[in-house]
Peer 1: 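Input: one structure, supplied below.
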Amino acid sequence: MPKQYSPTDSEARWYEFWETSGYFAASEDPEDHRPTYTLAIPPPNVTGSLHMGHACRTTFEDVLCRHKRMQGYNTLWVPGIDHAGIATQVVVERQLKKEGLTRHDLGREKFIERVWQWKEESGGRILQQLRKMGASCDWPRTKFTMDPDMVRAVREAFVQLHEEGLIYRDTRLVNWDVESRTVLSDLEVEQEENVEGTMFDFAYRLADGDGEVVVSTTRPETMLGDTAVAIHPDDERYRHLHGKYVRHPFVDRMIPVILDAELVDPEFGTGVVKVTPAHDPNDFATGKRHGLEEINIFNLDGTLNENGGTFQGLERFEARKAVENELANLGLARGSKKHMMTLPRSHRSGTIVEPMISTQWFVKMKPLAAPAIKAVEDGTIQILPPEWSKTYFHWLRNIQDWCISRQLWWGHPIPAWYCDDCDHVTVSREDATACGGCGGTSIRQDDDVLDTWFSSGLWPFSTLGWPEKTLALERFYPTADMETGYDILFFWVARMVMMGLHFMGEVPFTRVLLAGLVTDERGEKMSKVKGNVVDPLDVIYGATGEELIAKAEQAGAKKSGIKYLRATYPDGFAAYGADALRMTLLSYSPQSRRIALSMKRIEGYRNFANKLWNASRYALMRLTGSSTKASQECPQPNALANRWVLSRLYQALDVASTGLDAYRLDEASGALYHFVWDEFCDWFLEVSKPALDSGDPALVQETEATLAHALETVLRALHPMMPHITEEIWQRVPKWADAPPSIMISRFPSALVDAKVDRQAERDFEVVQAFVGSARTIRAEHDVPKSEPMKIHWHTDDEGKRAVLEAERSTIETLARCEMCFEADAAKLDDAAAHFDNAAVFVNPGVRAAVPGVIDTEKERDRLQRDLKKVEKELGVVEKKLGNPSFVERAPEAVVDKSKRDASELREKRQRLEAALNSL
RNA sequence: GGGCGGGUAGCUCAGUGGUAGAGCGCUGGCUUUACACGCCGGACGUCGCAGGUUCGACCCCUGUCCCGCCCA
């Protein structure tokens with residue numbers, strides 16, 4: 001085995017081994033009666049390429065699945081990809097643009113063919129990339145949301161909801177994306193806050209007489225669609241306007257002055273509001289209240305239509321300028337001022353969303369939301385971290401109907417047909433050939449497709465075969481966990497809950513695990529433009545600084561982004577490997593909303609992998625030539641260090657198991673990390689050296705057995721988190737006779753069943769650790785070279801401690817490079833200076849010692865004074881507490897006792913330190 | 001406007017009603033045959049601010065100031 005672990009080859013090799021061995025496959029064998037564990041992957045976009053968000057998801061999900069699989073569950077992790085309506089259409093349109101074509105040149109049918117062709121060639125690359133992370137998905141079950149069986153499920157869902165009256169068509173004000181030329185759901189509109197805009201004032205002249213009213217607007221162009229001006233009914237300033245009309249300056253229209261207490265805030269602006277029912281949600285509602293005409297002034301691409309009069313054909317922002325100018329020319333402009341406002345932008349295209357009146361398909365949400373609320377209320381579904389439940393409830397309790405039609409070409413067609421001869425709309429599972437109303441055959445299908453999230457909402461059961469009653473559906477639904485980002489709690493999670501409850505009559509999953517968003521180390525969102533995107537594959541395989549920069553430039557990073565990149569990662573990344581990346585992602589608390597990924601941290605876990613590798617290298621070296629093999633049963637050694645390390649191991653396993661079950665993967669991984677590094681390596685392996693070299697056959701044998709068992713067990717516990725390296729090592733560990741061929745299918749170590757917690761061993765070993773620690777401190781502080789042995793005269797009145805220290809003498813002498821001399825006469829240590837030349841002293845609980853011939857008096861005085869100060873400070877706190885009668889009376893007995901013990905220990909320590917200082 | 005989360009060591013973050021933790025960074029030493037991607041030491045925090053509850057609060061409550069997110 002080489003001195004350094006190199007992940008690259010190893011990871012690829014073992015992944016292939018697992019996949020070809022069929023270990024990822026869930027079983028549908030009717031004879032298989034194991035309990036099931038199912039997790040449906042949040043399907044990445046078909047256009048997607050692996051980013052840290054995916055890496056994070058994949059790691060968490062893979063850990064959950066591998067853990068359950070090792071616990072004996074028939075585990076199914078369903079992989080898949082989403083057709084991602086707009087995103088995909090845009091990618092292919094961009095490709096066409098390079099050929100000088102638009103989708104309209106091709107026509108709908110040819111365009112969709114083209115998208116499929118693109119999908120076959122370059123779509124779904126991300127599934128290959130997920131494998132690089134070690135994802136143990138059941139790949140042959142991969143689903144694509146446009147697969148024929150998915151199409152069938154979508155149709156079934158649509159038709160059923162329509163039959164139930166939960167899907168309907170309506171004309172209302174919707175969010176229009178003029179760039180993508182499609183409607184958007186409310187969720188797909190983002191509000192950009194605190195945008196500086198201009199509040200423009202202008203006057204409408206009264207139709208009779210020469211008065212005027214001044215209105216304010218941030219969108220002057222919409223005045224072309226004004227059909228009223230509104231005032232507050234109680235506003236005395238405008239009483240004279242009641243029942244009057246104003247004249248539109250550009251189009252031949254009389255506009256009524258209406259009274260509306262709801263729309264108008266008399267305190268705001270002039271107290272007069274222009275009303276554009278066709279292009280503003282509030283005005284739309286006002287229009288409905290007053291029966292106003294709704295005049296749409298825009299074409300679907302955001303240019304003005306024929307209702308714009310002379311402004312027809314202008315793009316909406318050009319029209320704004322033109323209207324302002326023209327109003328000024330007519331002497332109607334009344335000034336403008338800066339105004340902070342909120343702009344609605346399209347989630348996808350980023351363009352400013354235009355409210356437009358349009359006929360669309362909607363899902364009635366209230367009836368679907370009610371059971372979804374209840375499922376979380378009554379705990380059928382648990383959301384973690386639990387704070388998110390509130391957000392979930394708030395959204396569902398205030399839910400609006402969901403606009404599901406989209407004016408795209410790529411997506412699930414809406415199974416509705418319109419008749420040329422009558423008004424009937426035919427909605428059908430099969431392609432309709434005749435009108436369901438009049439029987440006429442002159443029908444055409446709805447041009448629109450469904451919102452991508454409509455098909456995603458069915459994911460947990462559509463992937464298992466619904467609406468067919470398949471064995472998979474029977475066996476694996478409901479799934480267990482839904483792990484995803486909180487950013488799609490509404491988009492996806494809530495909708496799956498509603499759909500699952502509605503169509504399956506059962507929740508789609510029982511736990512929702514929401515993780516934070518991965519950001520760069522400054523906490524800023526990763527973006528191509530900012531140049532701060534860390535590609536998981538670069539972390540796994542390594543990349544030079546130049547490669548990172550070249551890549552960022554190609555992705556369109558700004559100069560400042562390149563600068564950041566150059567400053568932050570001048571040397572690029574080493575090939576840290578998937579396991580190191582996984583451990584890093586796991587180490588962040590899932591409670592946090594932000595995972596500010598730090599390269600240094602990844603490096604730290606790469607080092608951990610190397611540490612594990614070398615510890616194993618040592619263990620395997622020691623086991624070579626011995627007949628000792630790792631046993632499934634925990635050995636029962638006699639030597640202290642062996643008992644201690646097993647006790648610590650099983651406690652670490654207990655924390656790890658609890659963490660894995662409670663979705664505290666940070667705690668689980670942390671417990672194993674610290675066990676391996678701080679206890680197994682730093683203490684046990686060091687202690688094992690003299691033991692294995694002792695020549696005492698019994699000690700050698702039990703130490704080998706402990707070493708083998710502890711290593712093999714911790715490897716299994718780490719496997720869900722670091723699958724590749726644990727397999728690489730595990731394969732080499734000598735094991736019991738019928739060990740399985742892969743760690744992946746071995747049993748996850750159970751702390752509860754095998755618990756070997758040995759409190760006595762832990763207490764005793766702590767005495768050893770304290771002794772060694774103190775000796776090392778003295779050596780370090782007094783610059784005693786390692787080569788120079790130290791003689792340590794020690795004493796304790798505690799028989800138990802004395803026995804431990806005597807028994808562990810050779811261990812301590814090796815670890816601290818010292819010679820221990822028990823000093824029977826305690827008085828000699830009380831006045832160390834008189835009995836030992838130039839002695840440094842140390843005081844541990846119940847044990848004190850003098851190390852002669854080492855001190856630098858000045859340094860020793862500093863050190864002792866430092867210690868003394870600390871002790872006095874602590875003692876002050878404890879004594880104050882004990883001096884408080886209500887503490888002694890009211891605090892729990894155990895707490896008071898502990899304080900008393902602390903106090904006496906501190907007093908002793910103080911006394912010893914003072915004595916040492918005085919005798920210097 | 002409503003809601004949520006956060007403000008703990010230089011940085012990134014854990015954490016508990018009973019004398020503050022990790023990793024990185026900093027610092028002193030070490031060619032100790034598992035590992036320098038290492039080993040052994042060391043320094044570093046009045047836990048945003050102000051009140052309150054409590055024998056005792058970084059942790060609970062109230063108010064307040066910043067930062068971020070979501071919804072309207």
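A quick note: this is a predicted structure, and the numbers were derived from the prediction, not measured. All values below were derived from every heavy atom in this structure, side-chain atoms included, with hydrogens, water molecules and symmetry-related copies excluded. Lettering follows sequence order; numbering is per chain, from 1.
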Peer 1: Check the phosphate of rG15(B) against Arg664(A), side-chain N and O only, distance under 4.0 Å to OP1 or OP2. Yes or no?
Peer 2: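 Checking rG15(B) against Arg664(A), a side-chain N or O does come within under 4.0 Å of OP1 or OP2.
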Peer 1: Go ahead and name the base partner of rA20(B); Watson-Crick or wobble counts if both distances stay under 3.5 Å, otherwise write none.
Peer 2: none
Peer 1: Nearest-Å distance, CG (Asn398(A)) to P (rG1(B))?
Peer 2: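 Checked: the CG to P distance equals 19 Å.
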Peer 1: May I ask you to verify if any side-chain N or O of Lys689(A) is less than 4.0 angstrom from the OP1 or OP2 atom of rU33(B)?
Peer 2: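 No, outside the criterion.
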Peer 1: How far does the P atom of rU46(B) sit from the matching atom of rC39(B), given to the nearest Å?
Peer 2: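 Looking at atom P only, rU46(B) and rC39(B) are 30 Å apart.
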Peer 1: Considering every strand shown, what is the Watson-Crick or G-U wobble mate of rG45(B) when both distances are under 3.5 Å?
Peer 2: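 Result: none.
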Peer 1: Hey, does Glu387(A) reach any base, or is it just sugar-phosphate, or nothing, if we go heavy atoms under 4.0 Å?
Peer 2: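 Touches sugar-phosphate only.
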Peer 1: Whether Asn610(A) contacts rG38(B) is assessed here as follows: a side-chain N or O lying under 4.0 Å from the phosphate OP1 or OP2. Is that the case?
Peer 2: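 For Asn610(A), the contact criterion (side-chain N or O under 4.0 Å from OP1 or OP2 of rG38(B)) is not met.
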Peer 1: Looking only at N and O atoms, is any donor in the side chain of Lys3(A) or the base of rC35(B) less than 3.5 Å from an acceptor on the other one?
Peer 2: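 Checked by distance alone, the answer is no.
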Peer 1: Return no unless some side-chain N or O of Arg776(A) is found under 4.0 Å from OP1 or OP2 of rG41(B).
Peer 2: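 Yes.
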Peer 1: Is Lys390(A) salt-bridged to Glu387(A), going by a charged N under 4.0 Å from an acidic O?
Peer 2: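 Result for this pair is no, no salt bridge flagged.
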Peer 1: Can you check the distance between rG17(B) and rC13(B), where both ends of the measurement are the C1' atom (answer in whole Å)?
Peer 2: 23 Å
Peer 1: Could you go through Tyr673(A) and Tyr605(A), starting from their C-alpha distance and side-chain angles, then the distance that decides it, and tell me whether this counts as ring-ring contact (aromatic ring centres under 6.0 Å, His included)?
Peer 2: CA-CA 9 Å; Tyr673(A) 173 98; Tyr605(A) 284 100; 5.3 Å; yes
Peer 1: At under 4.0 Å between heavy atoms, what does Glu781(A) touch on the DNA or RNA strands: base, sugar-phosphate, or nothing?
Peer 2: sugar-phosphate
Peer 1: Using Watson-Crick or G-U wobble geometry with both distances below 3.5 Å, tell me the partner of rC4(B), or none.
Peer 2: rG68(B)
Peer 1: Which is true for Val878(A) with a 4.0 Å heavy-atom rule: it touches a base, it touches only sugar-phosphate, or it touches nothing?
Peer 2: nothing
Peer 1: Which whole number of Å gives the distance between the C1' atom of rU27(B) and that of rA43(B)?
Peer 2: 7 Å
Peer 1: How far, in whole Å, is rG42(B) from rG3(B) if one measures between their C1' atoms?
Peer 2: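 47 Å, rounded to whole Å.
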Peer 1: Taking only the P atom of each, what is the distance from rC44(B) to rG28(B) in whole angstrom?
Peer 2: 16 Å
Peer 1: Both distances under 3.5 Å, Watson-Crick or G-U wobble: report the partner of rC39(B), or none.
Peer 2: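 Its partner is rG29(B) (Watson-Crick or G-U wobble, both distances under 3.5 Å).
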Peer 1: Check this for me, if you would: do Asp693(A) and Arg622(A) make a salt bridge, where the nitrogen-to-carboxylate-oxygen distance has to be below 4.0 angstrom?
Peer 2: yes
Peer 1: For the C1' atoms, the ones on rC69(B) and on rC58(B), what distance do you get once it is rounded to whole angstrom?
Peer 2: 25 Å
Peer 1: Ignoring hydrogens and geometry beyond distance, is the side chain of Gln400(A) in donor-acceptor contact with the base of rA72(B) at under 3.5 Å?
Peer 2: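 Under the 3.5 Å cut-off, the side chain and the base do not form any donor-acceptor pair.
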Peer 1: Check whether any side-chain N or O of Arg617(A) sits under 4.0 Å from OP1 or OP2 of rA34(B), and answer yes or no.
Peer 2: no
Peer 1: I'd like to know if the side chain of Arg495(A) reaches the main chain of Phe491(A), judged simply by a donor and an acceptor atom lying under 3.5 Å from each other, with no hydrogens or angles considered.
Peer 2: yes
Peer 1: Step through it carefully: locate the ring centre of Trp388(A), locate the ring centre of Tyr486(A), and say whether they are under 6.0 Å apart.
Peer 2: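 Yes, the ring of Trp388(A) comes within the 6.0 Å limit of the ring of Tyr486(A), centre to centre.
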Peer 1: Take atom P in rA14(B) and the same atom in rC40(B), then report the distance between them in whole Å.
Peer 2: 27 Å
Peer 1: Taking NZ, NE, NH1 and NH2 as the nitrogens, is one of them in Glu354(A) or Arg219(A) under 4.0 Å from a carboxylate oxygen of the other?
Peer 2: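 Here Glu354(A) pairs with Arg219(A) in a salt bridge, since their nearest N and O are under 4.0 Å apart.
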Peer 1: Tell me whether the side-chain N/O atoms of Trp677(A) come closer than 4.0 Å to OP1 or OP2 in rC39(B).
Peer 2: yes
